[in-house]
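Below you'll find the structure, written out as structure tokens, and then a few comments.
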Amino acid sequence: MADPSLNVYNTLTHRKEIFEPLHAPFVGMYVCGPTVYGDAHLGHARPAVTFDLVFRYLKHIGFRVRYVRNITDVGHLENDADEGEDKIAKKARLDKLEPMEVVQYYTDRYHQNMEQLNVLRPSIEPRASGHIIEQIEMIRKIMQAGFAYEVNGSVYFDVEKYGHSYEYGKLSGRVIDDLLINTRALEGQDEKKNPFDFALWKKAHPDHIMHWPSPWSIGFPGWHMECSAMGTKYLGDIFDIHGGGMDLLFPHHEAEIAQSTVALGHESVRYWIHNNMITINGQKMGKSLNNFITLNDFFSGSNPLLEKAYSPMVIRFFILQAHYRSTLDFSNDALLAAEKGFKRLMAAQQTLQNLRAGEVSTCDIKSLQQACYDAMNDDFNSPVVLAKLFDAVRIINSVNDGLEGLNADDLELLKTVFRVFIQEILGLHPEEGEESELIDKLVQTIITLRRQAREAKDFKTSDLIRDELKKIGIVLKDSREGTSWEKE
RNA sequence: GGUCUCGUGGCCGAGAGGCUAGGCAGAGGUCUGCAAAACCUCGUACAGCGGUUCGAGUCCGCUCGAGACCUCCA
């Protein structure tokens, strides 16, 4: 079993800490989910896969995890300074749809992508629009505490006042004085006392299609409110883990801390975990730079930047090959390499199932297993886990070639290690084989015919069979044990 | 401009004061009728310049370069 001490890098303290849940064996984890106004791109896959890994591992080592990942369907404005149109509302207007039609459409597509990536469903997936009452209630508390002010039906958080009693910027390492100097002067924020104050509630323009009644105006909640309200609603006033992309550190998560601190009298989150960005040509992949590639594009290959289609499992493998706190640079070559590596891993897993145990073991499977746990316990170091698994690949192939040996116990243990780490924890599985049982039988028959040709030294025929099969993407591999086949 | 992060061999990426990361690509070899696969061997990688140290990719300083956040962004 695992080394009990799981170490987690906490953004708040800037160091790795031993993870100790508030109410073991229960763990509460909240992760910022997508704003559903467009298809998910590769960048969206990073936090999804990262926290799926965290979720899976925590469960594996025995915790009972309640994983909350929200859907942002209101309140996320497309412009700066809390001005501009709501992202969902704009998309609805452009497409002549109800906002909730937009939300439903992209939520469904997001779910589909997540399923393709083998990302487990969270325990609860709350929507911002379904928690307006909770958000209003929290805003009311913030106002009662005296840290928010109303102007023309909109409510803003008073960051400067908050800064007198608490430390605004502690998560992102920002200082209010610097913010005062450096926050850009932007249009249309005359309502705010300070440019870095953020909206808790926005009065709706008359033509705004999404709005709800509140004590202050008919309007909608500010973006940061939803996570504070929904996180504490489902996980309690204090919960263990809050995750999200590094780009959400400021101001989103900083605002969350301020809101909770004031509304509840204390902070809510014990461990902040942030995944780094995926870059393309060294630059962050994102909507604003318009350099993003959607997941569906990857799966279909229909993007000029892609040389070919890449399967969801290859994308997942690619993401897991880097540590979640490092940037990960996308390129065709990198993906191609990932694809080859992934196939090698899966092929070895297949080989493992047919391996025969010997009398003695020449390899130390136990320490290999321990190394995998050590890596996971060291802040979810999936690339090191994969490196260890590739060591195992070499062992498997060597045993298969008769160069190494494994006794029955070690063989079982190795199978367990593969099942646990590859399937359960890393969430990798072989590609969905389109080849039916029928096709397999057909190919097996052809292989038999080829074997007969080879035995008769009729290499012309045997090569013809191999070449023709290769043309339709079926590769034959001869070994001492016989001939196997796989799709190219 | 402010705050912060990073710079590892052809590519992607771990690690981290003395102990092989790993994958992909490349070279040579074994096996095989041939090929593929597999296995074995190989490349004097740690941006540059100083410093600390018995010893530095790993710590400190400076220089150069890249990026993130400061505005919506996973």
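Order of the sequence lines sets the chain letters (A, B, ...), proteins ahead of strands, with each chain counted from 1.
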Glycosidic class, syn or anti, of B:rG23 using a 90° window around 0
anti
Under a plain distance cut-off of 3.5 Å, with no hydrogens placed, do A:Thr13 and A:Glu17 share a side-chain donor-acceptor pair?
yes
Closest listed nucleotide, where the reference is the side chain of A:Ser462 and the choices are B:rC72, B:rA14, B:rG33:
B:rG33
Looking only at atom C1', what distance separates B:rG57 and B:rG15, rounded to whole Å?
10 Å
Is there side-chain contact between A:Asn276 and A:Arg46, with heavy atoms separated by less than 4.5 Å?
yes
Duplex segments of RNA chain B, taken as runs of at least three Watson-Crick or G-U pairs that stay under 3.5 Å
B:1-7 with B:64-70, B:10-12 with B:22-24, B:26-30 with B:38-42, B:47-51 with B:59-63
Hey, what are the protein-to-nucleotides 59-61 of chain B N/O distances that come in under 3.5 Å?
none

Could you tell me whether the side chains of A:Gln283 and A:Asn291 share a donor-acceptor contact shorter than 3.5 Å?
no
Nucleotide nearest A:Ser398 when distance is taken to its side chain, options B:rC39, B:rA74, B:rC69:
B:rC39
Of the nucleotides B:rA37, B:rA35, B:rC69, which one has an atom closest to the side chain of A:Lys477?
B:rA37
Protein N or O to nucleotides 3-9 of chain B N or O, pairs below 3.5 Å:
| from | atom 1 | to | atom 2 | distance (Å) |
| --- | --- | --- | --- | --- |
| B:rU3 | O2' | A:Gly173 | O | 3.4 |

Relative to the 5' end of RNA chain B, which residue comes earlier, A:Asp247 or A:Ser331, by the nucleotide with the nearest heavy atom?
A:Ser331
Once you apply a heavy-atom cut-off of 4.0 Å, does A:Asn397 come out as touching a base, just sugar-phosphate, or nothing?
sugar-phosphate
How about A:Glu226 and A:Thr72: does a side-chain donor come under 3.5 Å of a side-chain acceptor?
yes
Going by heavy atoms in the side chains, are A:Tyr324 and A:Phe51 under 4.5 Å from each other?
no
Quote, to the nearest angstrom, the C1' distance that separates B:rG43 from B:rG10.
11 Å
Can you see whether A:Glu191 engages A:Tyr156 through a side-chain donor-acceptor pair at a distance of less than 3.5 angstrom?
yes
Nearest-Å distance, CG (A:Leu386) to P (B:rG22)?
13 Å
Considering only atom P, compute the distance from B:rC12 to B:rG51 and round it to an integer number of Å.
32 Å
Looking only at side-chain N and O atoms, does A:Lys284 come under 4.0 Å of OP1 or OP2 in B:rC69?
yes
Tell me, do A:Gln353 and A:Phe418 make a side-chain contact under 4.5 Å, heavy atoms counted?
no
If you measure from the P atom in B:rG17 to the same atom in B:rC59, how many Å do you get, rounded?
8 Å
Any idea which of B:rC39, B:rC69, B:rC12 is nearest the A:Phe250 side chain?
B:rC69
Whole-Å gap separating C1' (B:rA35) and CD (A:Glu468)
15 Å
For A:Asp329, report the nucleic acid contact type (base, sugar-phosphate, nothing); a contact means any heavy atom under 4.0 Å.
sugar-phosphate
CE of A:Met277 versus P of B:rA68: gap in Å, rounded?
10 Å
Roughly how many Å is it from NZ in A:Lys343 to C1' in B:rG22, rounded to a whole number?
20 Å
Less than 4.0 angstrom from a charged side-chain N to a carboxylate O is my criterion; do A:Asp86 and A:Lys202 meet it?
no
Using the six-membered ring of A:Tyr9, assess whether NZ or CZ of A:Arg15 lies under 6.0 Å from its centre and within 45 degrees of the ring axis.
no
Please tell me if A:Asn400 has a side-chain N or O lying less than 4.0 Å from either OP1 or OP2 of B:rA38.
no
Of the nucleotides B:rG13, B:rA74, B:rC39, which one has an atom closest to the side chain of A:Leu328?
B:rG13
Taking B:rA56 as the reference, what is the distance to B:rC49 when you measure between their C1' atoms (whole Å, please)?
15 Å
Please tell me if the side chains of A:Tyr271 and A:Thr11 come closer than 4.5 Å, counting only heavy atoms from C-beta onward.
no
Within a strict 4.5 Å, meaning less than it, do heavy atoms of the A:Tyr30 and A:Ile124 side chains meet?
no
For the rings on A:Tyr166 and A:Tyr162, is their centre-to-centre separation under 6.0 Å?
yes
Do A:Ser228 and A:Gln259 meet the criterion of a side-chain donor-acceptor pair at a distance under 3.5 Å?
yes
Using atom C1' in both nucleotides, what's the gap between B:rC34 and B:rG22 to the nearest angstrom?
32 Å
Tell me which of A:Ala387 and A:Gly282 sits closer to the 5' end of RNA chain B, going by the nucleotide each one is nearest to.
A:Ala387
Contact check, side chains of A:Leu352 and A:Lys415, non-hydrogen atoms, under 4.5 Å:
yes
Check the interface with nucleotides 23-28 of chain B: list each N/O to N/O pair with the protein under 3.5 Å, or write none.
| from | atom 1 | to | atom 2 | distance (Å) |
| --- | --- | --- | --- | --- |
| B:rA25 | OP1 | A:Lys340 | NZ | 2.7 |

Which nucleotide sits closest to the side chain of A:Gln283: B:rC72, B:rU32, B:rA68?
B:rA68
Taking B:rC31 as the reference, what is the distance to B:rG26 when you measure between their P atoms (whole Å, please)?
22 Å
A:Phe298 vs A:Phe330 aromatic rings, parallel, tilted or perpendicular, using cut-offs 30° and 60°?
perpendicular
Applying a 4.0 Å non-hydrogen cut-off, can you work out what A:Leu389 is touching in the nucleic acid: base, sugar-phosphate, or nothing?
nothing
Quick check for you: among B:rG22, B:rC70, B:rG33, whose closest atom lies nearest to any side-chain atom of A:Pro251?
B:rC70
With heavy atoms under 4.0 Å as the rule, sort A:Met246 into base, sugar-phosphate or nothing.
nothing
Strictly below 4.0 Å, heavy-atom distances to any atom of RNA chain B: list the hits from residues 30-45 of chain A, or just say none.
A:His41, A:Gly43, A:His44
Just checking, A:Lys308 and A:Tyr310: is the charged tip under 6.0 Å from the six-membered ring centre and within 45° of the axis?
yes
For B:rA37, does the base pair up with any side-chain atom of A:Asp478 as donor and acceptor (N or O, under 3.5 Å, distance only)?
no
Does OP1 or OP2 of B:rC40 have a side-chain N or O of A:Arg394 closer than 4.0 Å?
yes
Under the side-chain hydrogen bond (donor to acceptor under 3.5 Å, both in side chains) rule, collect the residues that match up with A:Asn296, sequence neighbours excluded.
A:Asn113
Side-chain donor-acceptor pair under 3.5 Å between A:Asp401 and A:Ser398, yes or no?
no
Between B:rA45 and B:rA36, how far apart are the C1' atoms? Round to whole Å, please.
31 Å
Would you tell me if any nitrogen or oxygen in the side chain of A:Ser326 comes within less than 4.0 Å of OP1 or OP2 on B:rA14?
yes
Has A:Asn70 got a side-chain atom pairing as donor or acceptor with A:Pro126's backbone, closer than 3.5 angstrom?
no
Over all strands shown, is A:Leu249 touching base, sugar-phosphate only, or nothing at heavy-atom distances under 4.0 angstrom?
nothing
So if I apply the ring-ring contact (aromatic ring centres under 6.0 Å, His included) rule between A:Phe157 and each of A:Phe198, A:Tyr168, A:Trp223, which one comes out positive?
A:Phe198
